[in-house]
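Residue numbers start from 1 in every chain, and the chains themselves are labelled A, B, ... in the order their sequence lines are given, proteins ahead of strands. Just so you know, these numbers come straight off a predicted model, no measurement behind them.
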Protein chains: 2
Amino acid sequence: MATGRTHRPATRSRGIPEATVARLPLYLRALTALSERSVPTVSSEELAAAAGVNSAKLRKDFSYLGSYGTRGVGYDVEYLVYQISRELGLTQDWPVVIVGIGNLGAALANYGGFASRGFRVAALIDADPAMKGKPVAGMPVQHTDDLEKIISDNGVHIGVIATPAGAAQQVSERLIAAGVTSILNFAPTVLSVPDGVDVRKVDLSIELQILAFHEQRKAGEEAAAVAGAADDVVTPPPLRADTAAAAAAAAASRKGPDGDVPAVMPA
Amino acid sequence: MATGRTHRPATRSRGIPEATVARLPLYLRALTALSERSVPTVSSEELAAAAGVNSAKLRKDFSYLGSYGTRGVGYDVEYLVYQISRELGLTQDWPVVIVGIGNLGAALANYGGFASRGFRVAALIDADPAMKGKPVAGMPVQHTDDLEKIISDNGVHIGVIATPAGAAQQVSERLIAAGVTSILNFAPTVLSVPDGVDVRKVDLSIELQILAFHEQRKAGEEAAAVAGAADDVVTPPPLRADTAAAAAAAAASRKGPDGDVPAVMPA
DNA sequence: CCATCTTTGTGCACGCGTTCACAAAGGCAT
DNA sequence: ATGCCTTTGTGAACGCGTGCACAAAGATGG
Ligand SMILES: NC(=O)c1ccc[n+]([C@@H]2O[C@H](COP(=O)([O-])OP(=O)(O)OC[C@H]3O[C@@H](n4cnc5c(N)ncnc54)[C@H](O)[C@@H]3O)[C@@H](O)[C@H]2O)c1
Ligand SMILES: NC(=O)c1ccc[n+]([C@@H]2O[C@H](COP(=O)([O-])OP(=O)(O)OC[C@H]3O[C@@H](n4cnc5c(N)ncnc54)[C@H](O)[C@@H]3O)[C@@H](O)[C@H]2O)c1
């Protein structure tokens, strides 16, 4: 069981660093584009630019896969596409089920890029009886009652969860019990899964909050640059009296009227 | 313009490490749940479990914000919710525009959790004239012609791109020219943006490919454990003659009538 | 066959992030 | 008050990821 682990810490991908694995799809996408334009070879510099990374990083990444380049020339595009595809396991077919066919689930089901890389939507599953049999993306929605059978009949190892957060943990347990060992979770919850099961999450809200943090930071720096850096508004340093008071009020909302809690951020 | 940088390397969030910033929303979510259950205080151990992280990591993360805990007791839930919200900039309102109201864009527009943390969908924008004025999530879709005016009138700094990949770069340029400085990109492309602009990407296909890599790895290890670890199939080590031949054939798939081509993907 | 020029592959150093482990802090009971 | 017990906050060690810089490899032209 273990506590909700979010990424793949256990598997310890022998040899290839996790950071490299995460970039391989990026390289593959850039290479595919080159391949379509019939470009025969590409240098690490060019490919790195197309993938939006540093060329040294790219070369080091490729070095984990083997020596597939030719010095003085670059990399053979088609050959590299094949090698990366093989390394990522895209030379085989991966049946996938999507659970929770609401707004998001339906959009995912309709997503073309889904099938373009060896992933095949094997089934769409929803708990709503009214959805049963209803076609979404040209495929009938099936009921959760048949989840186990669907997973096992199709040899599914990868599941996508797009249910409300409250149902996600339970759905993940059923998926795992039925044989799924990799989950892509769109529900905003931490999933607790056994060792050996990989979970990756996509959380729109978290991404926006991270952007907001930096955005606020920019606004603060800008204000500090314009003004004499005396006023605060959003900067972390001290904290104005009224803001501190609000914080104190929130903190004291339970017990006595200890109206203290001065300027925070001591350490 | 710089090459497509993907994450926030420039901003150098003074003080708070990027990895910590990325976890703050996780803590906030867990704390909000506790708050709703009227739990007054929580220990680092409990909160860490709820957020799916290590308790030492959580304490260190909080130490960057300040000393908000009480030794022997734990953290005041309400107070911490306030502090993290403030740090993330969620105490203010963030108007957001979504560009590209197709399957995904519509799902995002309908997403309730969007507005729950200070983010407000200020406008939905699409290039399709047929979409103009059509209500999606109770809001009329506006045409791209008015993009600049919408951004400026609403003081939008955060934009979400859900257009096809081919249009993403151009859309990002218009957004940025109009004043957007943070972009959440759902299109599978590397965006080239000027310094000072943050881009975060959500790419379903990449996530699935990473899962496939580990899935393949699991299958390989399993097979190796069962069999005598002699056969390859997917293991990285050397490269057998026939495998190399297949690769070479794939590389030549463009010119000659080599009717093979493994499983490699096209699009 | 040799010289030159381009580009790979990688040794190395550095910085960030994670984790351990513990002293200090504070509540609480006596 | 005093001592015990819990939990925080953090110093320090470690490991991973990144980027530099360059020697080696190989293509290409003479
Ligand atoms: N829509 C988005 O843009 C978006 C963005 C980020 C995250 N999310 C998250 O994705 C999830 C789905 O979002 P949505 O907007 O599609 O919600 P939705 O309500 O439109 O769809 C949820 C679907 O899940 C089904 N469902 C409920 N319980 C189930 C169960 N136990 N087993 C199988 N199916 C079940 C429902 O019948 C419904 O069809 C939510 O957790 C949401 O927070 C959505
Ligand atoms: N649907 C998914 O689940 C999913 C998942 C991952 C990634 N994506 C990516 O998200 C993007 C959108 O996917 P989708 O399924 O919603 O596609 P879609 O074709 O349904 O929608 C695209 C929308 O963008 C609009 N558009 C096109 N060019 C535009 C422009 N220049 N300015 C403004 N709007 C423009 C179109 O009119 C259309 O409404 C694609 O890049 C896709 O690869 C989608």
Check: A/Tyr79 ring centroid to A/Tyr68 ring centroid under 6.0 Å: yes
Touch class at under 4.0 angstrom, heavy-atom based, for A/Tyr75 against every strand present: sugar-phosphate
Distance in angstrom units between A/Glu46 CD and C/dT8 C1', rounded: 14 Å
Short N-O contact, B/Arg217 and A/Glu87, less than 4.0 angstrom: yes
Separation of C/dT18 P from B/Glu18 CD (nearest whole Å): 11 Å
Heavy-atom neighbours of B/Gln170 CD exceed 12 at 6.0 Å: no
Within residues 23-47 of chain B or reaching into it, pairs that qualify as ring pair (Phe, Tyr, Trp, His ring centres under 6.0 Å) - sequence neighbours excluded: B/Tyr27-B/Phe62
Modelled atom types, side-chain donor and acceptor of B/Ser205 and B/Gln209, under 3.5 Å: yes
Side-chain N,O (A/Ser44) to OP1/OP2 (C/dT7) below 4.0 Å: no
Restricting to nitrogen or oxygen on both sides, can you table the protein-nucleotides 18-22 of chain D pairs closer than 3.5 Å?
from	atom 1	to	atom 2	distance (Å)
D/dT18	OP1	A/Arg23	NH1	3.0
D/dT18	OP2	A/Arg23	NH1	3.2
D/dT18	OP2	A/Arg23	NH2	2.9
D/dG19	OP2	A/Lys57	NZ	3.2
D/dG19	O6	A/Lys60	NZ	2.9
D/dA21	N6	A/Arg59	NH2	3.3

Nearest-angstrom distance from the residue atom CD of A/Glu45 to P of C/dG9: 14 Å
Pair of N/O donor and acceptor under 3.5 Å linking D/dT7 base with B/Arg71 side chain: no
Distance below 4.0 Å between A/Tyr68 side-chain N/O and C/dT7 OP1 or OP2: no
Between B/Arg86 and B/Thr91, a side-chain donor and acceptor under 3.5 Å: no
Nearest-nucleotide pick for A/Thr70, side chain only, options being D/dG17, D/dG9, D/dG26: D/dG26
Between C1' of C/dG9 and CG of A/Leu58, the distance in whole Å: 12 Å
